[in-house]
Amino acid sequence: MSATLIFLLPFTIFSIFVVAQPGTSNISLGSFLYPNNSQWLSNSGQFAFGFYREGNNLAIGIWFEKIQPQTIIWTANRDVKLPSSEDVKLHLSGEGISVILQDKQGLLPPISNITEPVAWASMLDSGNFVLYNSNAKIIWQSFDAPTDTILSGQRLLAGMNLVSSISATNHATGRFQLSMLHDGNLVQYPVNPISTTPQYAYWNTETYTAGDNVSLNLDHNGQLYLLNSTGFYIKNITNQTQLSDNRVYRLTIDSDGILRLYSHSLTPNDSWSIEYSSSSDKCDPLGLCGLNAYCVPIEEDPPCLCLPGYVFIDQGQKDLGCRRNFSMVDCANKNETRYSITDLDGLEWEDNPYSVLTLNETACKEDCLRDCDCEGAVYKDNKCRKQRFPLGYGRTDETASTLVKIGIESSGTKTVSKGRNKQLQTDIFISSVAMLTFALIILAITGVVLYRYRVWGYKKVHSANGGFVEDVTLRSYTYVELEKATKDFTDEVGKGAFGTVYKGVISNGGRVVAIKKLEKVVGEGEREFQNEVNAIGRTHHKNLVKLLGYCHDGSNRILVYEYMTNGSLADLLFRSDGRPAWEERIGIVLNADELHKLVQDEEVDKTKLGRMIKIGLWCIQYEPSLRPSMKKVVLMLEGTVEIPAPPNPDSQSQHPEFLTPTD
């Protein structure tokens with residue numbers, strides 16, 4: 001062990017205190033890069049920094065220059081897409097590396113976050129891109145902000161992550177991560193589990209007693225090991241004595257969620273060889289197949305199957321998950337649809353039941369069929385764990401069974417026997433033609449009436465700028481339309497508890513709109529989202545922004561509102577240069593026409609006023625989950641549902657700094 005310490009400690013100290021080694025790869029201030037195959041090379045020409053193409057878009061990163069096909073090892077601002085035109089360039093200045101768009105400077109985040117002036121930069125032969133100050137000290141380096149890969153000589157420190165890419169050709173943030181935890185354990189998780197607990201870890205080094213300041217290290221001879229801050233050797237991960245020094249190595253968490261160590265000889269006809277992988281089972285990574293799908297050991301890539309009654313959202317990308325392939329109607333209406341239960345043995349999902357019953361498997365199926373909320377169940381250890389869809393993290397478990405409720409069209413339709421005579425067939429044909437003709441006439445009349453009614457309705461709506469006709473119905477947009485309208489969701493104007501708001505321009509008429517991308521509606525189902533949209537669309541008030549349309553495209557749920565050119569009330573109440581005094585807030589309320597009339601009217605209905613006050617208190621709760629949906633607000637205003645007493649707001653009033661603008 002002492003020999004190991006003597007060998008490793010000098011390397012560790014050198015990695016921490018390395019300073020600039022001036023050479024021909026130094027990049028001076030004022031240098032530019034353009035998307036026309038120009039790059040900043042290391043001294044040996046092994047590594048390059050610059051623009052590279054991802055389909056129709058541009059990205060900025062580092063790659064092996066002498067290895068084909070191109071192998072990306074680091075990407076700057078990986079989730080920010082750049083325009084594919086030539087109107088973009090990279091600039092090295094005293095403030096660091098920045099991206100400049102023609103006539104649109106400052107719209108993209110900086111590549112390097114630094115606190116002191118830059119003197120020059122360099123692309124090192126280690127694959128590390130560095131910025132130096134005037135004392136030749138490194139003030140920023142790409143090795144400190146890895147994406148999905150580390151190279152020989154690079155370390156993954158405690159608290160740092162490697163996050164997979166979406167695919168080999170799309171280096172945006174993927175679905176899996178490798179985390180160096182502060183307890184000394186190296187763990188692989190899905191990117192967005194409910195909590196980073198052992199339940200969601202699908203691989204780890206079992207070194208959770210090693211303590212803080214443990215780092216993952218990759219040597220130049222391919223050794224992959226854990227080391228603490230004192231130089232103590234914790235664990236050899238690759239379990240190999242020594243690999244060749246004449247090869248280059250990289251450790252990558254691939255898009256399929258598996259960690260692999262690759263090597264390459266740098267000869268022209270060579271390809272990357274896998275020296276180590278964290279798992280030999282491609283179904284180990286949780287969530288590989290997306291929602292309502294599960295992984296099976298088959299040769300396809302990805303090895304995914306849908307639940308019975310479901311189909312892939314995109315046949316070309318099966319890891320996006322599956323959608324329901326039958327209509328959901330009121331399960332109590334047996335004349336319309338009947339249901340059956342299909343069971344899949346040896347399959348388990350994320351443990352998130354809404355009800356757990358102690359039943360045998362047959363009773364579990366019968367109970368789920370009777371329960372309109374039950375869309376499926378996981379049966380394990382004599383427990384019936386009833387589920388609402390979607391289901392996630394599907395995986396094999398020999399002790400569990402998945403029960404899926406499937407809607408089947410009623411089989412009670414009558415058939416005509418083969419023994420009917422020809423006259424009956426003729427009568428049926430004539431009757432069918434007559435009914436079809438009658439239906440077409442009714443359809444034509446209905447179309448004319450609806451068209452005239454729609455034109456009459458549109459003519460009643462005029463804007464103040466000379467009779468511009470607005471669409472008074474809610475329009476359904478595709479995700480591609482809204483992605484184009486917002487320039488790929490780049491112009492963020494606000495963020496709330498349930499989603500992010502972007503500024504966009506609808507191509508039809510050039511109207512400026514506010515587009516809210518919802519983030520917490522996947523589990524609510526299609527019917528709940530439609531009800532929510534209808535409730536908001538029926539709400540009209542001059543002091544509320546108007547809902548113009550929505551997007552219900554695959555898993556995307558987006559709302560389109562009119563754009564507030566003068567900002568919102570929240571901008572005034574929560575502005576950064578100081579909030580208005582209490583008296584000023586009261587004045588704002590009393591100057592609202594409708595409320596002013598209400599409090600000045602001697603005949604005011606105190607019951608209605610009390611109801612509105614209660615609703616207002618519910619809507620400003622600090623905890624987002626306590627706030628009612630817009631549909632429920634409408635029902636409460638109409639008096640359809642009872643309004644419970646709001647929670648005691650004392651805990652919030654004592655901490656006004658926690659009161660931030662919400663939806």
Side-chain angles (χ1 to χ4, degrees), residues 11-23 25-33 39-40 42 47-51 59-62 73-80 82 88-101 104-151 153-163 171 173 177 179-182 212-217 229 490-492 495 575-578 657 660:
F11 170 74
T12 305
I13 296 173
F14 174 78
S15 298
I16 297 174
F17 296 103
V18 65
V19 294
Q21 300 295 324
S25 66
N26 288 349
I27 305 157
S28 58
L29 298 183
S31 298
F32 288 92
L33 277 182
Q39 60 263 329
W40 291 325
S42 63
F47 295 97
F49 176 96
F51 290 100
I60 300 168
I62 301 172
I73 57 175
W74 181 82
T75 302
N77 297 327
R78 61 195 305 189
D79 295 318
V80 177
L82 300 175
V88 60
K89 58 185 176 182
L90 273 175
H91 180 224
L92 175 64
S93 68
E95 298 178 353
I97 297 286
S98 58
V99 182
I100 299 178
L101 301 177
K104 296 181 180 179
Q105 296 190 28
L107 293 181
L108 297 176
I111 294 177
S112 56
N113 293 316
I114 55 176
T115 57
E116 54 183 300
V118 176
W120 76 89
S122 183
M123 181 69 250
L124 303 182
D125 280 328
S126 62
N128 190 14
F129 187 81
V130 296
L131 301 179
Y132 299 100
N133 64 10
S134 57
N135 295 322
K137 178 184 176 182
I138 294 177
I139 57 176
W140 181 88
Q141 56 184 333
S142 60
F143 271 15
D144 287 340
T147 49
D148 62 354
T149 298
I150 63 172
L151 301 172
Q154 188 174 359
R155 298 184 300 163
L156 191 69
L157 302 177
M160 295 175 62
N161 301 313
L162 294 182
V163 180
H171 290 84
T173 300
Q177 63 184 356
S179 300
M180 187 70 250
L181 302 183
H182 286 284
D212 201 358
N213 296 322
V214 174
S215 62
L216 174 65
N217 299 262
S229 59
T490 55
D491 192 357
E492 181 178 324
K495 192 173 183 67
R575 58 181 183 242
S576 59
D577 58 342
E657 66 274 17
T660 58

Closest non-hydrogen atom pair, [X] against [Y]:
X	Y	value
Gly50	Leu33	CA-CD1, 3.8 Å
Gln154	Phe143	NE2-O, 3.3 Å
Ile73	Thr147	O-OG1, 3.8 Å
Val214	Met180	O-CG, 3.4 Å
Arg78	His171	NE-O, 2.9 Å
Val118	Ser93	CB-O, 3.7 Å

| request: I would like to know whether Ser179 and Asn161 meet side chain to side chain contact (heavy atoms under 4.5 Å, CB included); could you show each step before the answer? | output: CA-CA 5 Å; Ser179 300; Asn161 301 313; 2.8 Å; yes
Backbone N/O of [Y] and side chain of [X]: donor-acceptor pair under 3.5 Å:
X	Y	answer
Ser122	Val130	no
Asn133	Glu116	no
Trp74	Ala145	yes
Asp212	Ala158	no

To the nearest 0.5 Å, what is the distance between [atom1] ([X]) and [atom2] ([Y])?
X	Y	atom1	atom2	answer
Lys89	Phe32	NZ	CZ	4.5 Å
Ile97	Asn113	CD1	CG	12.5 Å
His182	Leu157	NE2	CG	10.0 Å
Trp120	Ile27	CH2	CD1	12.0 Å

Please tell me if the side chains of [X] and [Y] come closer than 4.5 Å, counting only heavy atoms from C-beta onward.
X	Y	answer
Ser42	Leu124	no
Leu92	Leu131	yes
Leu90	Ile111	yes
Asn77	Ile60	no

| message | Check this for me: Glu95, atom CD, are more than 12 non-hydrogen atoms of other residues, nucleotides or ligands nearer than 6.0 Å? | response | no
| said: Angle between ring planes, Trp140 versus Phe129, binned at 30° and 60°: parallel, tilted or perpendicular? | reply: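 Perpendicular, since the angle between the ring planes exceeds 60°.
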